[in-house]
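Just below is one structure, and these are the notes that go with it.
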Amino acid sequence: MLQNDLNHFGEILQKILEQGVAFLQTIDQRPTSAPHTVKLVTDLEENGKGTAAVLAEFKQRFDPLIVASSGPRSWGFVTGGATPAAVAGDWLAGVYDQNPQAIQGQGDLSALIEVETIQLLLSLFDLPDTFTGGFVTGATMSNFTALAVGRQWAGKQQGRDIAKEGVGKGVKVLSATPHSSAVKSLSMLGLGSQNFIKINTLLGNREAIDVADLEAKIQVLSGEPFILISSGGTVNTVDFDDLEAIARLKEKYNFWWHIDAAFGGFAACSPKYKHLLKGWEGADSITVDCHKWLNVPYESAFFLVKKEHSILQVETFQNSNAPYLGNPLENFSFLNFLPENSRRLRALPAWFTLKAYGKKGYQEIVENSIQMAQLLDDFIQQSSDFELLAPTRLNNVCFTLKGEENQDKVHSFLTQLNQRGKVFMTPTVYNGKKGIRAAFVNWRTLEKDVEIAIAEMKAVLA
Ligand SMILES: *Cc1c(COP(=O)(O)O)cnc(C)c1O
């Protein structure tokens with residue numbers, strides 16, 4: 001069967017191409033919630049049936065489950081799409097099937113593509129090359145990787161080697177509105193998801209750090225090193241911490257500064273919104289997702305860590321089988337800089353899309369998303385049925401049904417809206433109120449999509 005597949009590989013790929021193109025060209029008609037479920041068939045056949053027959057089975061059984069999550073109206077969570085170039089890079093990452101690790105002397109040198117891609121991303125975001133970075137599966141793993149190096153840094157400040165000795169008495173962590181994945185990272189790192197010290201947020205139901213309270217809490221620590229997890233765009237209302245003010249605190253106090261800029265980092269692509277990130281180059285580490293606003297397929301994100309911390313990073317992630325590296329940057333291998341050993345050429349979709357559309361292309365994607373959010377915001381502000389829960393600061397609209405008396409109807413409204421399959425949004429709670437989030441990061445979303453969504457919202461209430 002394998003040999004037969006190999007002999008017909010071209011025809012098989014041709015079929016996959018046709019099915020893929022058909023899917024992508026009709027994605028805006030595909031439902032955003034699966035209308036059916038399927039029965040799972042869990043016994044594996046003795047004899048395989050070959051790829052062509054499997055493709056037919058997939059199409060018949062699973063295709064109905066596949067939703068338009070990369071289509072123009074999937075606004076739940078923060079759901080990106082895939083640009084044509086990103087799909088091309090993603091397909092080729094599987095076809096070429098490299099394992100990027102070292103950048104010299106190891107046969108496979110595809111790691112150089114990843115190094116180049118990180119440089120391109122620094123250029124896109126106008127960040128200095130004082131950072132190194134690498135690709136991981138998502139912002140969760142990016143937060144984990146960055147915070148692991150922060151943990152090693154904090155230990156070293158106290159004469160401990162946490163990578164070798166374990167977490168011991170732990171490490172102090174401060175944060176105001178950390179993303180749930182940063183909290184999950186604290187749990188995975190043995191620092192404890194409940195152990196972070198909560199900094200107050202600004203008055204007016206903001207999610208951003210109250211810097212005066214941060215400074216007061218730093219002073220209570222009287223010199224103990226700590227990790228600060230700050231936000232370059234919170235997931236609910238896209239509130240940005242005052243990164244410039246935090247950069248000034250970093251000159252006075254000894255801490256590891258991490259910024260979770262999973263999607264908010266893309267504000268740097270637009271001259272209009274770049275100011276939100278002013279000062280971010282002062283951070284020790286930064287998280288950015290690619291499967292959100294870069295519009296590459298899952299699983300893709302990167303981390304940035306200052307080069308001055310490379311020794312700490314290698315202490316954290318050095319594979320014990322790897323030869324000891326004098327200067328980790330000279331004899332560089334991703335193997336020693338991040339959690340995984342073997343990995344796919346995850347940079348390739350990002351490389352393709354960055355080269356295909358350039359800085360201008362990303363400026364347009366980012367500004368279009370913000371404009372689409374503004375259109376929905378305008379409708380909500382004028383509506384007698386809905387109200388905003390928070391001002392629309394960038395690309396997320398956080399709203400609810402108007403009136404306290406309708407709070408217990410929010411859940412069923414959203415369930416009905418999503419079941420209709422034309423648009424998908426997710427629930428949230430903000431400032432004690434039940435609400436709904438619509439996040440715009442997909443390159444396909446146009447004004448007509450916002451109009452469809454508004455018509456659907458009205459239809460549910462009718
Ligand atoms: C989405 C998101 C994450 C987690 O990202 P995954 O890619 O789902 O792992 C972390 N932080 C922020 C701010 C996010 O928006």
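Just follow the structure's listing: the first ligand is 1, and inside any ligand the first atom is 1. Being a predicted model, the structure only gives us computed values, none of them experimental.
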Inset, instruction - List every atom of ligand 1 that sits less than 4.0 Å from any heavy atom of Thr140, numbering the atoms from 1 in the order shown and giving each element. - result: 4 (C), 5 (O), 6 (P), 9 (O)
Inset, instruction - Heavy-atom contacts with Phe263 under 4.0 Å: which atoms of ligand 1 show up? List them by number with element. - result: 15 (O)
Inset, instruction - Please could you name the atoms of ligand 1 that Asp289 approaches to less than 4.0 Å, counting only its heavy atoms? - result: 1 (C), 5 (O), 6 (P), 7 (O)
Legend entry - Pair Gln374-Asp377, side-chain donor/acceptor within less than 3.5 Å: yes
Inset, instruction - Below 4.0 angstrom from a heavy atom of Val235, which ligand 1 atoms are there? Numbered from 1 as shown, please. - result: 15 (O)
Legend entry - Quiz item: cation-pi between Lys306 and Phe131, 6.0 Å / 45°: yes
Inset, instruction - With atom 1 (C) of ligand 1 as the reference point, say which of His179, Lys184, Lys292 has the nearest heavy atom. - result: Lys292
Inset, instruction - May I ask you to check whether His179 and Asn143 show a side-chain donor-acceptor distance below 3.5 Å? - result: no
Legend entry - Lys/Arg cation over aromatic Phe334: Arg343, 6.0 Å, 45° cone: yes
Legend entry - Heavy-atom gap Met141 to ligand 1 smaller than 4.0 Å: no
Inset, instruction - Mark up the atoms of ligand 1 that fall under 4.0 Å of a heavy atom belonging to Gly138, in ascending order. - result: 7 (O), 9 (O)
Legend entry - Heavy-atom gap Glu299 to ligand 1 smaller than 4.0 Å: no
Inset, instruction - Answer yes or no: is there an ion pair linking Arg393 with Glu207, defined by an N-O contact shorter than 4.0 Å? - result: no
Legend entry - Heavy-atom gap Ala301 to ligand 1 smaller than 4.0 Å: no
Legend entry - Polar contact flag, side-chain donor to acceptor under 3.5 angstrom, Ser285-His258: yes
Inset, instruction - Can you establish whether the number of heavy atoms outside His411 located under 6.0 Å from its atom NE2 is more than 12? - result: no
